[in-house]
Amino acid sequence: MKEQARNSRSAGIDLTKALAICAVLLIHCTANHYACHEVGSPRWLAADFYGSVSRWAVPVFMLCSGALMNGPERDLPLRKLFGRYLLRLAASLTAWAVFYELLRLWLSRGSAPVGELIQRMGQNLLYGNTYYHLYYFWFVFALYLALPLTRLLARHASEGELRYILAVWLLGGGVLQFVRYFQPVAGMHSSLLYLLIPGPILCPGLGLLGWYLYRRPPKRWYPAALTFLLGFAVTFLGTWRRSAAIGELDQFYLDGLGLFVLVMAVGLFRLCQWAGAHWTGMPGAVRFVSSASFCVYLVHPFFQALAKPAFFLTLPVYCAVPAQAALLLALSLGAYWVLRRIPVVNRWLI
């Protein structure tokens with residue numbers, strides 16, 4: 001029975017990660033469509049739909065990582081944490097940062113003298129101004145660096161203590177980050193800053209929350225579905241309302257670690273938990289996409305930059321976004337199929 005429960009939960013994690021990487025592709029394929037259409041027009045609303053319904057991707061990856069890494073049964077001494085996991089993250093970040101700076105250099109050719117472009121590339125690498133999607137590494141670094149603390153909590157904290165710690169963590173990183181922009185809380189903005197938790201510090205809390213939920217599978221599917229729908233409705237309608245007020249996209253509700261994005265993430269995570277426990281014979285395609293998810297995250301901007309991105313902006317949004325996302329997924333999975341066969345690359349870079 002224990003083995004069966006473990007396998008069902010693993011199926012839920014596989015499903016979650018597979019959906020999350022597809023959501024990442026939707027986010028990145030939607031981004032440029034917002035500026036091409038009038039706020040409130042059908043095409044703009046289609047972009048808002050895709051951008052809102054997929055916004056949970058990054059916090060869900062944090063939940064999945066924490067669910068797996070915080071397990072007390074996993075042996076994770078500091079030597080292994082730093083010599084294996086963090087070292088691999090640093091190597092991967094360095095390699096992909098250089099790769100995308102070279103891509104930026106190639107895409108910018110002719111816009112400035114070569115010497116100036118090379119100097120700019122060196123400055124970007126020196127100051128950590130990496131390609132837009134590589135910010136995710138810093139969130140993972142934060143989660144991993146806090147593992148000795150969160151694993152202690154997972155092993156020794158009581159049920160009540162865990163709930164209290166998670167509540168405080170999410171209050172400072174999610175709820176207060178949201179309500180500080182609204183009255184009357186906005187009036188105490190300067191004082192409230194002392195209580196706010198920045199995104200990278202919130203990520204270990206999300207990891208601990210992922211482990212907490214992972215060990216407590218849901219009994220029914222509909223509370224998770226309703227949670228997700230609540231987060232989506234507020235994100236979609238809030239973005240529409242605030243954008244209409246200023247005549248252009250307002251990204252307040254689209255913050256990747258925003259309150260209602262986190263609500264969506266929890267709902268999706270729980271829904272996949274339930275599905276994984278009840279879906280016998282998880283398709284191999286789901287497991288393959290799950291195992292490839294990190295590589296897909298890393299390589300898809302390369303294909304997006306080369307696969308005629310302007311062409312998709314000429315198509316209706318409702319079909320352009322999923323079509324481009326499907327193309328990027330196929331190309332990125334092909335890249336993973338090749339890269340995982342290269343010994344050093346498959347161990348250190350993907």
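The first residue of the sequence shown is numbered 1, and numbering continues consecutively from there. Computed over heavy atoms, backbone and side chain alike; hydrogens, waters and symmetry mates excluded.
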Keeping [X] on the side-chain end and [Y] on the backbone end, is there a donor-acceptor pair under 3.5 Å?
| X | Y | result |
| --- | --- | --- |
| Glu101 | Gly122 | no |
| Arg242 | Gln251 | no |
| Thr314 | Phe311 | yes |
| Arg55 | Gly51 | yes |

Are [X] and [Y] close enough that their ring centers fall under 6.0 Å?
| X | Y | result |
| --- | --- | --- |
| His133 | His28 | no |
| Trp138 | Phe141 | yes |
| Phe260 | Phe232 | no |
| Phe294 | Phe137 | yes |

Task: cation_pi(Arg216, Tyr212) dist<6.0 Å, angle<=45 - done: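 That pair qualifies as a cation-pi contact.
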Open item on the list: Hydrophobic cluster membership, with links at side-chain heavy-atom distances under 4.5 Å among I/L/V/M/F/W/Y: are Leu102 and Trp96 in one?
Closed with: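 Result: no, two separate clusters.
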Roughly how far apart are [X] [atom1] and [Y] [atom2], rounded to 0.5 Å?
| X | Y | atom1 | atom2 | result |
| --- | --- | --- | --- | --- |
| Ser10 | Leu15 | OG | CG | 12.5 Å |
| Phe269 | Thr16 | CZ | OG1 | 6.0 Å |
| Leu143 | Leu206 | CG | CG | 8.0 Å |
| Leu93 | Leu349 | CG | CG | 11.0 Å |
| Trp44 | Cys36 | CH2 | SG | 13.0 Å |

TODO: Evaluate side-chain contact (heavy atoms from CB on, under 4.5 Å) for Tyr34 paired with Leu254, printing each intermediate quantity in order.
DONE: CA-CA 12 Å; Tyr34 281 108; Leu254 296 177; 3.8 Å; yes
Answer yes if the side chains of [X] and [Y] hold a donor-acceptor pair under 3.5 Å, and no otherwise.
| X | Y | result |
| --- | --- | --- |
| Arg120 | Gln123 | no |
| Thr150 | Asn70 | yes |
| Tyr318 | Arg43 | no |

Task: Phe99, Tyr297, Tyr136, Tyr100 screened by ring-ring contact (aromatic ring centres under 6.0 Å, His included) with Tyr131, the one that passes - done: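 That would be Tyr100; it is the only one of Phe99, Tyr297, Tyr136, Tyr100 passing the ring-ring contact (aromatic ring centres under 6.0 Å, His included) with Tyr131.
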Open item on the list: Check this for me, if you would: do Glu159 and Arg215 make a salt bridge, where the nitrogen-to-carboxylate-oxygen distance has to be below 4.0 angstrom?
Closed with: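 No.
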Open item on the list: Between Ser332 and Phe302, is the side-chain contact (heavy atoms from CB on, under 4.5 Å) condition met? List the steps.
Closed with: CA-CA 9 Å; Ser332 300; Phe302 170 74; over 6 Å; no
Open item on the list: Give me the atom names and distance for the closest heavy-atom approach of Ala11 to Gly276.
Closed with: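 Looking at all heavy atoms of both residues, the closest pair is CB-O, 3.8 Å.
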Open item on the list: Please give me the minimum heavy-atom distance between Ala20 and Val60, naming the atom from each residue.
Closed with: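 Distance-wise, the nearest heavy atoms are CB-CG1, 4.0 Å.
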Open item on the list: As a quick check of understanding, evaluate side-chain contact (heavy atoms from CB on, under 4.5 Å) for Leu162 and Ser158, giving each step before the final call.
Closed with: CA-CA 6 Å; Leu162 276 172; Ser158 67; over 6 Å; no
